[in-house]
Amino acid sequence: MTRTSIALFNNKGGVGKTTFTYHLAHMFRRMGLTVLAVDLDPQANLTSMCLDETEIEELWDNQSELIAQGAAWSAIPGTGRVRSGQTIADAVRPILEGTGDIASIEPAELQPGLWLLAGSLDLSRFEDKLSNEWFKTFAGDIAAIRTTTAFHRVVERAAAGVEADIVLIDVGPNLGAINRSALIAADTVLMPLAADLFSLKGLSNLGPTLRDWRRNWQQLVLPQVPAGFSAPRADMRPLGYVIMQPEMRLDRPVKAYVRWLQRIPWVYAAAVLDEEDPERGDDRHRIATLRNYRSLMPLAHDARKPMFDLKAADGALGSTQKYVQTCYREFRGLAEGVLARTEELAQP
């Protein structure tokens with residue numbers, strides 16, 4: 001398949017987006033694809049799911065020394081253990097400090113066919129730089145274009161190096177400059193949603209913002225990019241959405257969930273797809289609905305593996321193992337649905 005990149009984004013936090021990204025990456029790997037997961041959230045939540053605290057502490061504590069040595073980083077294949085290395089923040093540090101262009105970093109091989117470009121809390125320092133350079137790109141400022149395309153070029157280089165089939169980009173829940181630079185580097189955008197007011201409001205903000213970014217980049221910036229310079233097309237094609245079911249409680253009745261669920265298709269079509277008069281109840285853009293797997297998460301966390309890979313030795317006994325099998329079927333169907341959508345959008 002042709003390499004494709006998917007940004008997973010929701011303007012509302014707390015819907016389980018990073019957990020979703022982690023499991024989708026593992027499922028794609030199980031389906032025989034080579035996957036590069038990219039942590040562009042300054043909170044580095046995806047990195048914390050892939051590596052334990054000792055490994056992350058070693059990685060972050062050694063950054064200054066490794067930068068001075070010009071070292072790259074990797075992990076022991078199949079273990080996720082860090083040997084030495086750098087993060088996304090280190091890749092853009094020369095631009096941030098005005099000492100050069102992006103630095104070379106290597107993704108960590110977590111398992112055969114599954115790679116991670118690790119995040120860092122230090123990435124938040126890049127926000128102001130990206131914000132200040134955005135409007136300069138409209139005037140063709142080469143330094144500003146170099147800054148704004150930094151994430152695209154780091155990811156492109158890493159994906160080519162590991163021969164990735166698919167790139168999953170995890171971003172934070174906001175419409176700031178870091179996310180703008182991350183999203184313009186994506187071919188498509190997949191939206192995990194909760195059926196609540198906040199997700200609907202997030203969709204209403206996200207659609208017009210993506211169109212504005214796409215239009216500005218494609219019309220004002222791309223024509224001024226020098227020949228031979230790698231810049232994203234900022235396609236950001238909406239791939240669809242996935243409903244993340246909440247844990248039903250007495251203080252959040254099913255009726256409230258259904259009420260918001262019924263509104264999502266119309267808001268998505270109107271706000272994200274910019275359809276003038278969408279049909280209410282037309283749910284063809286929903287890729288899947290994922291149930292709440294809260295009971296499996298502690299076991300998966302302790303075992304440091306996806307929920308659908310839990311075995312009896314991990315504590316998944318009896319009826320819990322049946323739940324694991326249900327989880328596998330749902331994520332397998334989700335992954336197949338995502339791939340089908342990407343292929344549809346790739347058609348001329």
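Computed from heavy atoms alone, side chains included, the values below leave out hydrogens, waters and symmetry copies.
- Remark: the backbone N or O of M191 is not paired with any side-chain donor or acceptor of N10 at under 3.5 angstrom.
- Remark: R304 CZ is packed, more than 12 non-hydrogen atoms of other residues, nucleotides or ligands lying under 6.0 Å away.
- Partners of R286 under the salt bridge (charged side-chain N to carboxylate O under 4.0 Å, His left out) rule, at least two apart in sequence or in another chain, are D283.
- Of all heavy-atom pairs between A159 and R3, the closest is O-NH2, 3.5 Å.
- The CD1 atom of I102 lies 8.5 Å from the CD atom of E156; values are rounded to the nearest 0.5 Å.
- Using a distance-only test at 3.5 Å, with no hydrogens or angles considered, no donor-acceptor pair links the side chain of S181 to the main chain of I178.
- Applying the ring-ring contact (aromatic ring centres under 6.0 Å, His included) rule to H26 yields the partners Y22; only residues at least two apart in sequence or on another chain are considered.
- Sorted by first and then second residue, the ring-ring contact (aromatic ring centres under 6.0 Å, His included) pairs with a member in residues 28-52 form an empty list; sequence neighbours excluded.
- Partners of R215 by salt bridge (charged side-chain N to carboxylate O under 4.0 Å, His left out), not counting sequence neighbours, listed by chain and number: D212.
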Given S295 and T320, is the side chain to side chain contact (heavy atoms under 4.5 Å, CB included) satisfied, shown in steps? CA-CA 9 Å; S295 62; T320 301; over 6 Å; no

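- When L190, L168, V242 are each tested for a side chain to side chain contact (heavy atoms under 4.5 Å, CB included) with V338, only one passes: L190.
- Residues forming a side-chain contact (heavy atoms from CB on, under 4.5 Å) with R291 (at least two apart in sequence, or on another chain): Q245, Y293, Y323, T326, E330.
- A donor and an acceptor atom, one from each side chain of S131 and D128, are nowhere located under 3.5 Å apart.
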Under the side chain to side chain contact (heavy atoms under 4.5 Å, CB included) rule, what do M31 and L339 come out as? Steps first, then yes or no, please. CA-CA 11 Å; M31 294 169 63; L339 290 179; 3.7 Å; yes

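- Judged as a salt bridge (charged side-chain N to carboxylate O under 4.0 Å, His left out), not a single pair has a partner in residues 33-42 (not counting sequence neighbours).
- Here F135 pairs with F138 under the ring-ring contact (aromatic ring centres under 6.0 Å, His included) rule; sequence neighbours left out.
- Separation of atoms CZ (R93) and CZ (R125) is listed at 6.0 Å; rounding is to 0.5 Å.
- Side-chain atoms of T188 come within 3.5 Å of backbone atoms of S5 as a donor-acceptor pair (strictly under, hydrogens ignored).
- Y241 pairs by the ring-ring contact (aromatic ring centres under 6.0 Å, His included) definition with Y268, not counting sequence neighbours.
- The line from CG of D309 to SG of C327 is 9.0 Å long, rounded to the nearest 0.5 Å.
- Heavy-atom neighbours of E97 CD from other residues, nucleotides or ligands within 6.0 Å: above the threshold of 12.
- Under the 4.5 Å side-chain heavy-atom criterion for ILVMFWY residues, a single connected hydrophobic cluster contains both L197 and I243.
- Not a single donor-acceptor pair under 3.5 Å links the side chain of W213 to the backbone N or O of P208.
- Judged as a salt bridge (charged side-chain N to carboxylate O under 4.0 Å, His left out), the pairs with a partner in residues 199-211 (not counting sequence neighbours) are, in order, R211-D274.
- For the pair T99 (side chain) and I95 (backbone), a donor-acceptor distance under 3.5 Å is absent.
- We find the CD1-OG1 distance between I184 and T148 to be 6.5 Å, quoted to the nearest 0.5 Å.
- In the hydrophobic cluster analysis, where Ile, Leu, Val, Met, Phe, Trp and Tyr join through side-chain heavy atoms closer than 4.5 angstrom, M307 is grouped apart from L317.
- D314 places a side-chain N or O within donor-acceptor distance of the main-chain N or O of K311, the cut-off being under 3.5 Å.
- The closest donor-acceptor contact from the side chain of Q321 to the backbone of A316 lies under 3.5 Å.
- W266 is linked by a side-chain contact (heavy atoms from CB on, under 4.5 Å) to A270, P278, R280, counting only residues two or more places apart in sequence or in another chain.
- With sequence neighbours excluded, the residues satisfying side-chain contact (heavy atoms from CB on, under 4.5 Å) with Q262 are V258.
- T209 OG1 to L175 CG: the interatomic distance, rounded to the nearest 0.5 Å, is 4.5 Å.
- Distance CZ/R29 to CG/D165: 13.0 Å, rounded to 0.5 Å.
- D90 contributes a side-chain N or O that, together with a main-chain N or O of T87, makes up a donor-acceptor pair within less than 3.5 Å.
- K17 and D170 are joined by a salt bridge, as a carboxylate oxygen and a charged side-chain nitrogen come within less than 4.0 angstrom of each other.
- Ring-plane geometry between H23 and F308 is classed as perpendicular, the angle between the planes exceeding 60 degrees on a 0 to 90 degree scale with a lower cut at 30.
- No donor-acceptor distance shorter than 3.5 angstrom exists from the side chain of T147 to the backbone of E133, with no hydrogens or angles considered.
- Within the structure, ring-ring contact (aromatic ring centres under 6.0 Å, His included) contacts touching residues 147-168 (residues at least two apart or in different chains) are F126-F151.
- Looking only at distances, no side-chain donor or acceptor of E163 sits under 3.5 Å from a matching main-chain atom of T34.
- Electrostatic pairing of R237 and D187 does not count as a salt bridge here, judged by no charged N lying under 4.0 Å from a carboxylate O.
- Within the 4.5 Å cutoff, the side chain of F229 has heavy atoms near those of the I145 side chain.
- For D141 against A143, the heavy-atom pair with the smallest separation is OD1-N, 3.0 Å.
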